[in-house]
There are 2 protein chains.
Amino acid sequence: MAEVRTSTSPGSFEVTEPAGERDRWDVFQWDAREDCEVRQILDRIADKWSLLVISLLEERTMRFNELRRAIDGISQRMLTVTLRNLERDGLVCRTVYAEVPPRVEYCLSPLGRTLLGTIQSLVRWTEEHQEEIVRARAEFDDAAG
Amino acid sequence: MAEVRTSTSPGSFEVTEPAGERDRWDVFQWDAREDCEVRQILDRIADKWSLLVISLLEERTMRFNELRRAIDGISQRMLTVTLRNLERDGLVCRTVYAEVPPRVEYCLSPLGRTLLGTIQSLVRWTEEHQEEIVRARAEFDDAAG
DNA sequence: CGGAATCCTAGTGGATACTG
DNA sequence: CAGTATCCACTAGGATTCCG
């Protein structure tokens, strides 16, 4: 086990967690211990393709090619990789039916469901504020020449 | 201007927006028009460094090196790039004080503030569920050999 | 159908050094 | 202090081909 840091957590202003016996890390610290899992996880969840996949799986189970078609522009490789990672992280369940032709279905795990609200609000925010951002960009760009 | 698609949006199951006169796109479609802004924006917001920066700027304005120290492990280059992008997107405000030595402060814009809740819930989720995910990974990995 | 494997390129991002 | 600039390793990710 990595030794317990005496919590000089630089980022969070006195979050005051009882420094003893923590196996949990905040996203602002980084060192080599366990390959910095928290950051990895944040990176995985905050991934464009992951967000879209999870978002789509809200209402129902979907098949591979169904997801592929639903997410316009995703390559087969990236969908494969994304789904695999989400499955590994326990966010998505994969079910293979022993049929010919093969059928594979993906759905959200209970853990995945706990993320759903947040993710959808992120996606919704993006859709709702796109014009503002495009406008801000234009303004910034021509101010800077 | 890109012509308005007649909305064969494949991803969203009948979101039923009044197809006429929309300048807004959903994140599931993709084609060349305007370099696919929505996706770009989603990608920017759902970026590890962006999330951390915005999260930190919740309570107060911060200076460059202050942010640098707060986000353990971020390179100076990435902080520069991230801040620049966030500023360009109108999410963060940059204020330069004409002093020696120079002082530059960053804070959230009103638009940035509308994102804050969502982002923090994402960050919090990550911190809270890290053990579960680490466990899921271990399980997956040794099931697969 | 649902992938896995290979190849290959554009971009990400760290390290380092220099500047106003 | 708050950057910019350069170099460079690494990898993300598209295109293509093959497989059970």
Side-chain angles (χ1 to χ4, degrees), chain A residues 10 30-32 35-36 39-53 56-57 61-89 92-107 140 144-145, chain B residues 30-32 35-36 39-40 42-53 56-57 61-88 92-107 140-141 144-145:
Chain A
W30 184 87
D31 48 351
D35 212 10
C36 208
R39 285 274 177 87
Q40 265 186 48
I41 295 171
L42 187 60
D43 226 359
R44 160 111 354 119
I45 288 167
D47 166 72
K48 181 178 48 182
W49 300 131
S50 297
L51 292 180
L52 295 179
V53 166
L56 275 177
L57 291 181
T61 287
M62 291 179 83
R63 303 178 60 171
F64 186 87
N65 279 321
E66 203 175 1
L67 281 166
R68 187 152 146 62
R69 279 187 301 270
I71 304 174
D72 202 1
I74 193 173
S75 70
Q76 183 222 43
R77 183 179 134 79
M78 284 320 292
L79 183 54
T80 302
V81 170
T82 301
L83 284 171
R84 162 83 65 142
N85 284 333
L86 290 176
E87 188 198 356
R88 183 167 109 99
D89 287 357
V92 156
C93 300
R94 177 174 183 270
T95 314
V96 184
Y97 295 89
E99 299 176 356
V100 174
R103 189 168 106 242
V104 179
E105 293 193 337
Y106 295 89
C107 64
F140 183 91
Chain B
W30 185 88
D31 50 349
D35 212 10
C36 206
R39 285 275 177 89
Q40 265 186 48
L42 187 60
D43 226 359
R44 159 118 345 126
I45 289 167
D47 168 72
K48 182 179 47 182
W49 301 130
S50 298
L51 293 180
L52 295 178
V53 166
L56 275 176
L57 291 180
T61 287
M62 290 179 84
R63 302 178 58 171
F64 186 87
N65 279 321
E66 203 174 3
L67 281 166
R68 186 151 146 64
R69 279 187 302 271
I71 304 175
D72 202 1
I74 193 174
S75 71
Q76 186 221 39
R77 182 179 135 79
M78 283 320 292
L79 183 54
T80 301
V81 170
T82 302
L83 285 171
R84 161 84 64 143
N85 284 334
L86 291 176
E87 188 198 356
R88 184 166 108 98
V92 156
C93 300
R94 178 174 183 268
T95 313
V96 184
Y97 296 89
E99 300 176 359
V100 174
R103 190 169 106 241
V104 179
E105 293 192 337
Y106 295 90
C107 65
F140 183 90
D141 288 349

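Throughout, protein chains are lettered first and strands after them, A, B, ... in sequence-line order, and every chain is numbered starting at 1. Worth saying up front: this structure is predicted, and the values here are computed from it rather than measured.
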Between CH2 of A:Trp30 and P of C:dG13 the distance, given in whole Å, is 15 Å
Looking at B:Glu66 and B:Arg68, does any basic side-chain N land under 4.0 Å from a carboxylate oxygen? no
Report task. May I have the step-by-step check of side-chain contact (heavy atoms from CB on, under 4.5 Å) for B:Leu83 and B:Leu67, ending in yes or no? Result -> CA-CA 10 Å; B:Leu83 285 171; B:Leu67 281 166; 4.1 Å; yes
In this structure, OH of A:Tyr106 is separated from CE of A:Met62 (nearest 0.5 Å) by 12.5 Å
The residue, B:Gly73 or A:Arg84, whose nearest nucleotide of DNA chain C is more 5′ is A:Arg84
With the side chain defined as heavy atoms from C-beta on, B:Arg77 is closest, among C:dG3, C:dT6, C:dA15, to C:dA15
note: A:Phe64, atom CZ; C:dC1, atom P; distance rounded to Å ~ 11 Å
Q) Within the distance-only criterion (no hydrogens, no angle test), does the side chain of B:Ser50 pair as donor or acceptor with the backbone N or O of B:Ile45 below 3.5 angstrom? A) no
Between CD of B:Gln76 and P of C:dT16 the distance, given in whole Å, is 13 Å
In whole angstroms, the gap separating P of C:dT12 from CG of A:Asp47 amounts to 14 Å
A:Met62 CE to C:dG2 P, in whole Å, measures 11 Å
For B:Tyr97, answer base if it contacts any base atom (sugar-phosphate contacts may also be present), sugar-phosphate if it contacts only those atoms, and nothing otherwise; contact means non-hydrogen atoms under 4.0 Å.
-> nothing
- Task: Verify the contact: side-chain N or O of A:Arg68 to OP1 or OP2 of C:dC1, cut-off strictly under 4.0 Å; return yes or no.
- Result: no
Separation of C:dG11 atom P from B:Asn85 atom CG, nearest Å, is 15 Å
Here the distance between atom P of C:dG2 and atom CD of A:Glu87, to the nearest Å, is 15 Å
Separation of C:dG13 atom C1' from B:Leu52 atom CG, nearest Å, is 15 Å
Of C:dG13, C:dA17, C:dC1, the nucleotide closest to the side chain of A:Asn65 is C:dC1
Per atom distances to the B:Met78 side chain, the nearest of C:dA4, C:dG14, C:dG2 is C:dG14
Under a 4.0 Å heavy-atom criterion, DNA chain D is touched by chain B from D:dC1 to D:dT4
